[in-house]
Number of protein chains: 2
Amino acid sequence: MNAAIDDVARAAGVSTATVSRALRHLPGVSEATRARVLEAARGLGYAPSASASSLASGRTHTIGVLTPWIRRWFHGSVTEGIERALRAEGFDALLYSFERADGAGRNRLDPFVLRRRVDGVLVVGMPLDTDEQEVLDGLGVPVVFIGTGPPGRVTVTIDDDGAARLAMAHLLGLGHRRIALVTATGEDQPDWAPPALRQRGYEAALAEAGVAFDPTLVIPGDYARAGARERMAELLRTRPEVTAVFAISDDMAFGVLQAARDAGRRVPEDLSVIGIDGHDMSDLVNLTTVGQDAAEQGAAAAALMLEMLTGGPVAEEAVYPVELLVRGTTGPPPRS
Amino acid sequence: MNAAIDDVARAAGVSTATVSRALRHLPGVSEATRARVLEAARGLGYAPSASASSLASGRTHTIGVLTPWIRRWFHGSVTEGIERALRAEGFDALLYSFERADGAGRNRLDPFVLRRRVDGVLVVGMPLDTDEQEVLDGLGVPVVFIGTGPPGRVTVTIDDDGAARLAMAHLLGLGHRRIALVTATGEDQPDWAPPALRQRGYEAALAEAGVAFDPTLVIPGDYARAGARERMAELLRTRPEVTAVFAISDDMAFGVLQAARDAGRRVPEDLSVIGIDGHDMSDLVNLTTVGQDAAEQGAAAAALMLEMLTGGPVAEEAVYPVELLVRGTTGPPPRS
DNA sequence: CTGTTAGCGCATTCAG
DNA sequence: CTGAATGCGCTAACAG
């Protein structure tokens, strides 16, 4: 029932080599024979064996997608964009999720699971440490980073610094001066990752507006809602002079919104809140944010990968645009 | 640099057959030689070639995950659960997303992309039509359905009817009588899929409470927020007597909440809203809902698949529990 | 433009 | 318990 290449060859009256060439649309096959081969293949319901093809050619036509989560907005959107772009080109996406184990840090990146099964690796929103980068490099296949990547590597990102300035310009333009920053920290957030870059934008924007930077207004976090909510609750209690909060992700902005609600602070009358992402749910809660197209970045990364696979040179850094989405969580500061 | 099995055999002073057996922990290898082989393999950094192994054995150690979307809560959560469970057992997850093209129905399920590259297929939240089922069956590998599956197939689901009754009991218990149902319809929603089953629960609960079923209170939808919001806006305008809405998914409940807000209806004072899912964001908007554990269902489906692969008999229907999460969007009906 | 010939790296008989 | 031999199905030289 599973026809093999020589069945097709026999049916078409040619050699297996010709079948192989015809089916892959390689040059050097006459139109007439190609047509006969295609016909025979269709008739037999022939589907080439990926394993045999990989074994013989050394290429798997499969790209590994390395991501710590897939249900977070950014990671899910990027992964979806990747999968579609790859499939359109006949490539498969192999999923490798490396969720952080509780307290124990992220699962070790096992070099063996990826060895010899992918032609390339796409790393989604995951700042790899030096060891992990070495493991990946040891695979000997191209790697593209989405969302965040070490300097000097092929990356697809937004302009993190610019996105932060955009958010801050909006807040400062409304008249806010005491603006808290909710960010993400930890040893796995190096200075080339979004949290650091966005904080840089935050500080630069303050400086340009002539507002002194107050480090006690920088709230650490882990990109997640719950932590932001907790930490924000405390800030709201201890620092009533804060009139606006800039969270570096929408999910953390959601936590800020919850904390404000818990504390009985009206948004935006008492407190303005802005995020970054353009999360699916941001319009549900009417969050003002700086939107990015994560699926498009995934698709772009996939395209870059395919380009690298064919030996084409690619630009090191692809930077995607962001857009200020003014909604209902920002307004002028309360008159004091 | 990429050691092959005969390098290991040479280093350990045994044959490749013994290496193969030792590394796969097959019986019939003495402890001493197994240890020597493991040692040699580690020393050489040997990783078996998946292609060669598949070609020789006919098994790919890869499971295809068929899903229309991965960023929707249910599908993303299930997929994440699947991936983790599979990886723990040394299996790979190959992603096949088949997003509905605009207006043109879902992408055709291409039989060829899956042929000979997976040992089994997991279908996530996707009621396949008869043609598609045939395509899948033509693959000759086991199939497990999560969230919804044709009768007589191996499925992992919740008790859809029971979940609906649970939601309705809550609403009815609060005193509501005019309760709208926001559901999902269309030819791709057969009578064994959640929308039909949940509607059955809705109707049964009404009947038991002695409330006449009013078909004009059933709002069609497509599981998405936007549509629910639009259709709900109209209902709110034309049917002011409705005091509660039961949406069969949290995402649609979010749309209902937006419509209520747009219409100036207070929740829950003027209108109660309940959903099904326990979506990540449901607590953000304080939605009362019937929660399910989607990731666990994914993991369970993966385990079932592995069981089927080893020839074990499996139960046809695994039903997972749900739980009523009473939050802030439900309350007694307004006194009229 | 097409056919012949070797492998790709492993799993699996079958002997011993 | 272990080894030798065979072939999984295809691609990639190399000839013609």
Just the rounded figure in Å: distance from [atom2] of [N] to [atom1] of [X].
| X | N | atom1 | atom2 | answer |
| --- | --- | --- | --- | --- |
| B:Arg36 | D:dC1 | CZ | P | 14 Å |
| B:Asp6 | D:dT6 | CG | P | 17 Å |
| B:Leu55 | C:dG9 | CG | P | 12 Å |
| B:Leu44 | C:dG9 | CG | C1' | 15 Å |
| B:Ile5 | C:dG9 | CD1 | P | 11 Å |
| A:Arg59 | D:dG9 | CZ | C1' | 16 Å |

Are any of [X]'s side-chain N or O atoms less than 4.0 Å away from OP1 or OP2 of [N]?
| X | N | value |
| --- | --- | --- |
| A:Ser49 | D:dG9 | no |
| B:Ser57 | C:dA11 | no |
| B:Ser20 | C:dA11 | yes |
| A:Thr18 | C:dG3 | yes |
| A:Ser53 | D:dT11 | yes |

A:Met305 side, atom CE; A:Ile63 side, atom CD1 - distance, nearest 0.5 Å: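 The CE atom of A:Met305 sits 5.0 Å away from the CD1 atom of A:Ile63.
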Any donor-acceptor N/O pair, A:Arg87 side chain to A:Glu83 backbone, under 3.5 Å: no
Just checking [X]: base, sugar-phosphate only, or nothing, at a heavy-atom cut-off of under 4.0 Å?
| X | value |
| --- | --- |
| A:Ala17 | base |
| A:Val14 | sugar-phosphate |
| A:Thr33 | sugar-phosphate |
| A:Ser54 | nothing |

Electrostatic pair A:Glu31-A:Arg34, nearest N-O below 4.0 angstrom: yes
salt_bridge(A:Arg153, A:Asp137) N-O dist < 4.0 Å: yes
5' priority, DNA chain D, between B:Ala52 and B:Arg34 [closest heavy atom]: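 Comparing both residues, the 5'-ward one is B:Arg34.
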Neighbours of DNA chain D within residues 21-31 of chain B, by heavy-atom distance under 4.0 Å: B:Arg21, B:Gly28, B:Val29, B:Ser30
Side chains of B:Ser51 and B:Ser54, donor plus acceptor under 3.5 Å: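 Looking only at side-chain atoms, B:Ser54 and B:Ser51 do not form any donor-acceptor pair under 3.5 Å.
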A:Tyr223 vs A:Pro68 side-chain heavy atoms within contact, under 4.5 Å: no
Set of side chain to side chain contact (heavy atoms under 4.5 Å, CB included) partners for B:Ala294, sequence neighbours left out: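 Listed in chain order: B:Trp73, B:Phe74, B:Ser77, B:Val78.
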